[in-house]
**Q** 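This structure is in structure tokens; I'll ask about it shortly.
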Amino acid sequence: MTTDKQLEIFLDIATEAVMTAGAILQAYWGKLEEIEEKGRPGDLVTAADKEAEAAILKVLERHVPNHGILAEESGQLGDHQSEYLWAIDPLDGTTNYAHQYPIAATSIGLLICGIPQVGAIYNPFRDELFRAAKGLGATRNRRSIQVSRTSQLSKSLLVTGFAYDRRETSDNNYAEFCHLTHLTQGVRRSGSASLDLADVACGRIDGYWERGIQPWDMAAGIVLVEEAGGNVTAYDRSPLIMASGRILATNGQIHEQVSQELLGVPPLSSWK
Ligand code: IPD
Ligand code: CA
Ligand code: CA
């Protein structure tokens with residue numbers, strides 16, 4: 001059983017790590033000499049991703065050397081028998097960052113016995129720090145945040161994303177995007193899943209869904225949305241399974257409506 005005091009300590013460690021990474025992201029901004037592709041076309045990695053991750057790992061090594069780690073660029077590290085697993089995305093929004101489009105963040109979530117319980121997300125380009133811990137609420141720049149109250153799908157603003165395998169599969173979220181664009185005030189595509197979840201948590205966006213994302217994209221944001229009063233599930237409203245890569249996170253009010261539309265989405269060919 002992790003006490004509230006321990007959760008606060010872990011949240012402060014996550015905060016130290018995201019702020020350290022944020023300084024590195026700022027230092028490399030506009031100065032990248034090389035942008036590599038990791039395998040799939042468009043799946044980029046830069047010196048900023050790698051250096052930010054190395055700095056985060058040092059912070060964790062100093063404070064919690066016995067915990068497990070799942071880091072986007074380094075994979076599994078530390079003790080994987082541990083009940084504590086840190087899911088790290090040193091730069092969420094690499095494509096934006098590489099183009100100097102300032103929507104990107106560092107996201108660090110802590111899973112305890114498989115459940116996300118602590119999260120910190122920092123966007124250095126807006127100087128926005130989002131923090132949350134289970135049972136202790138969610139904040140933006142240390143002020144309490146809540147999800148929006150929008151209760152009608154037709155009045156909502158949503159956000160989604162498209163995974164790097166989108167050219168290789170027909171399950172690429174294009175039909176869902178068109179369908180929900182038709183039914184709402186708009187569907188945005190920010191390019192940073194963690195910031196999408198943070199935006200749901202602070203009420204700027206009413207709902208977010210995506211397929212093909214990883215634990216490091218969502219772990220911190222899940223805690224934020226839940227602690228801000230929202231709902232996070234699978235598309236069909238069953239409990240979220242992070243390994244499925246599919247997530248639906250909303251203000252709660254429109255959860256069922258979005259879920260039903262995602263489950264009954266008409267094929268793209270019907271848009272003629
Ligand atoms: C990506 C972003 C993007 C989402 C992709 C992610 P990265 O992460 O979160 O919004 O649509 O699925 O992979 O590669 O910038 O860390
Ligand atoms: Ca990411
Ligand atoms: Ca990343």
Side-chain angles (χ1 to χ4, degrees), residues 17-18 20-22 24-25 28-29 32 35-57 69-75 86-109 116 119-125 128 130 158-169 171-174 176-177 180 187-201 204-205 207-222 224-225 232 235 240 242-249 262:
V18 294
T20 305
I24 294 167
L25 301 189
Y28 271 104
W29 182 250
L32 291 173
I35 298 165
E36 288 169 51
E37 275 185 343
K38 284 199 273 190
R40 286 204 167 92
D43 191 357
L44 310 177
V45 64
T46 71
D49 300 69
K50 292 178 189 168
E51 212 175 290
E53 183 162 299
I56 293 164
L57 295 178
I69 286 172
L70 177 64
E72 181 174 10
E73 310 306 337
S74 316
W86 295 79
I88 299 166
D89 194 337
L91 171 45
D92 185 40
T94 300
T95 307
N96 290 343
Y97 185 87
H99 289 265
Q100 292 178 56
Y101 184 71
I103 298 181
T106 300
S107 177
I108 301 182
I121 298 171
Y122 181 55
N123 175 355
F125 309 106
E128 282 194 318
F130 295 93
L158 307 183
V159 67
T160 190
F162 303 95
Y164 293 111
D165 66 356
R166 60 187 177 267
R167 298 177 192 87
E168 297 149 30
T169 171
D171 178 21
N172 52 19
N173 200 28
Y174 296 169
E176 290 83 344
F177 177 74
L180 279 152
V187 180
R188 303 291 178 248
R189 195 289 199 237
S190 82
S192 172
S194 62
L195 289 177
D196 294 340
L197 286 160
D199 282 343
V200 172
R204 290 174 184 151
I205 291 278
Y208 160 72
W209 83 92
E210 190 162 355
R211 62 158 288 283
I213 64 166
Q214 302 292 334
W216 51 75
D217 296 309
M218 57 176 127
I222 289 169
L224 271 156
V225 173
V232 184
Y235 283 10
L240 177 78
M242 283 210 280
S244 74
R246 278 174 207 266
I247 183 170
L248 170 61
L262 286 174

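Note that ligands are numbered from 1 as they come in the structure, with each ligand's atoms numbered from 1 the same way. Only a predicted model underlies this, so the values are computations on that prediction, with no experimental measurement involved.
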**Q** Could you tell me which atoms of ligand 1, counted from 1 in the order shown, lie closer than 4.0 angstrom to a heavy atom of T94?
**A** 15 (O)
**Q** Between E176 and R189, does any NZ, NE, NH1 or NH2 come within less than 4.0 Å of an OD or OE carboxylate oxygen?
**A** no
**Q** For the 3.5 Å polar cut-off, considering only N or O atoms, please tell me whether I213 and ligand 1 meet it.
**A** no
**Q** Check ligand 1 against R189 and write out every atom of the ligand that is under 4.0 Å from a heavy-atom position of the residue.
**A** 3 (C), 10 (O), 11 (O)
**Q** Please confirm whether G93 comes within less than 3.5 Å of ligand 1 when only nitrogen or oxygen atoms on both sides are compared.
**A** yes
**Q** Are Y122 and F130 close enough that some pair of their side-chain heavy atoms sits under 4.5 Å apart?
**A** no
**Q** How large, to 10°, is the angle at the Ca ion (ligand 2) when you draw lines to OD1 on D217 and to OD2 on D89?
**A** 100°
**Q** Write out the residue and atom name of the closest protein heavy atom to atom 6 (C) of ligand 1, then the distance separating them to 0.1 Å.
**A** D217 OD1, 4.1 Å
**Q** What do you reckon, does N96 put a non-hydrogen atom under 4.0 Å from ligand 1?
**A** no
**Q** Does ligand 1 have any atom sitting under 4.0 Å from a heavy atom of Q214?
**A** no
**Q** For ligand 1, which atoms, with element, lie under 4.0 Å from some heavy atom of F162?
**A** 11 (O)
**Q** Mind checking whether G212 has an N or O less than 3.5 Å away from an N or O of ligand 1?
**A** no
**Q** Who's the nearest protein heavy-atom neighbour of atom 8 (O) of ligand 1, and how far?
**A** D92 OD1, 3.0 Å
**Q** When D49 is tested against each of T106, L25, L91 for side-chain contact (heavy atoms from CB on, under 4.5 Å), which residue passes?
**A** L91
**Q** Does the pair Y174 and R166 meet the rule for a side-chain contact (heavy atoms from CB on, under 4.5 Å), with working shown?
**A** CA-CA 9 Å; Y174 296 169; R166 60 187 177 267; 3.6 Å; yes
**Q** Closer than 3.0 Å to the Ca ion (ligand 3): does that hold for any N, O or S atom in E73?
**A** no
**Q** Under 3.5 Å between some N or O of ligand 1 and some N or O of A163?
**A** no
**Q** For ligand 1, indicate whether the residue Y164 contacts it via side chain, backbone, both or neither (heavy-atom separation under 4.0 Å).
**A** side chain
**Q** Short N/O distance, under 3.5 Å, between E210 and ligand 1?
**A** yes
**Q** Taking both backbone and side-chain atoms of S194, is any N or O found less than 3.5 Å from an N or O belonging to ligand 1?
**A** no
**Q** Please identify which atoms of ligand 1 are closer than 4.0 Å to at least one heavy atom of A193.
**A** 2 (C), 9 (O), 10 (O)
**Q** Assess the side chains of D92 and S107: does a donor N or O sit below 3.5 Å from an acceptor N or O?
**A** no
**Q** Side-chain contact test, heavy atoms from C-beta onward, threshold under 4.5 Å: evaluate it for R246 versus D171 and give yes or no.
**A** yes
**Q** Out of the candidates N173, N172, D165, T169, only one should pair with R211 under the side-chain hydrogen bond (donor to acceptor under 3.5 Å, both in side chains) rule; please name it.
**A** D165
**Q** Please give the atom name: the N, O or S atom of D92 nearest to the Ca ion (ligand 2).
**A** OD1
**Q** Between D89 and ligand 1, is there a nitrogen or oxygen pair with a distance under 3.5 Å?
**A** yes
**Q** May I ask you to check whether G93 brings an N, O or S atom to under 3.0 Å from the Ca ion (ligand 3)?
**A** no
**Q** Can a donor-acceptor pair be found between the side chains of E51 and Y28 at a distance below 3.5 Å?
**A** yes
**Q** How does S192 reach ligand 1, if at all, at less than 4.0 Å between non-hydrogen atoms: by side chain, backbone, both, or neither?
**A** backbone
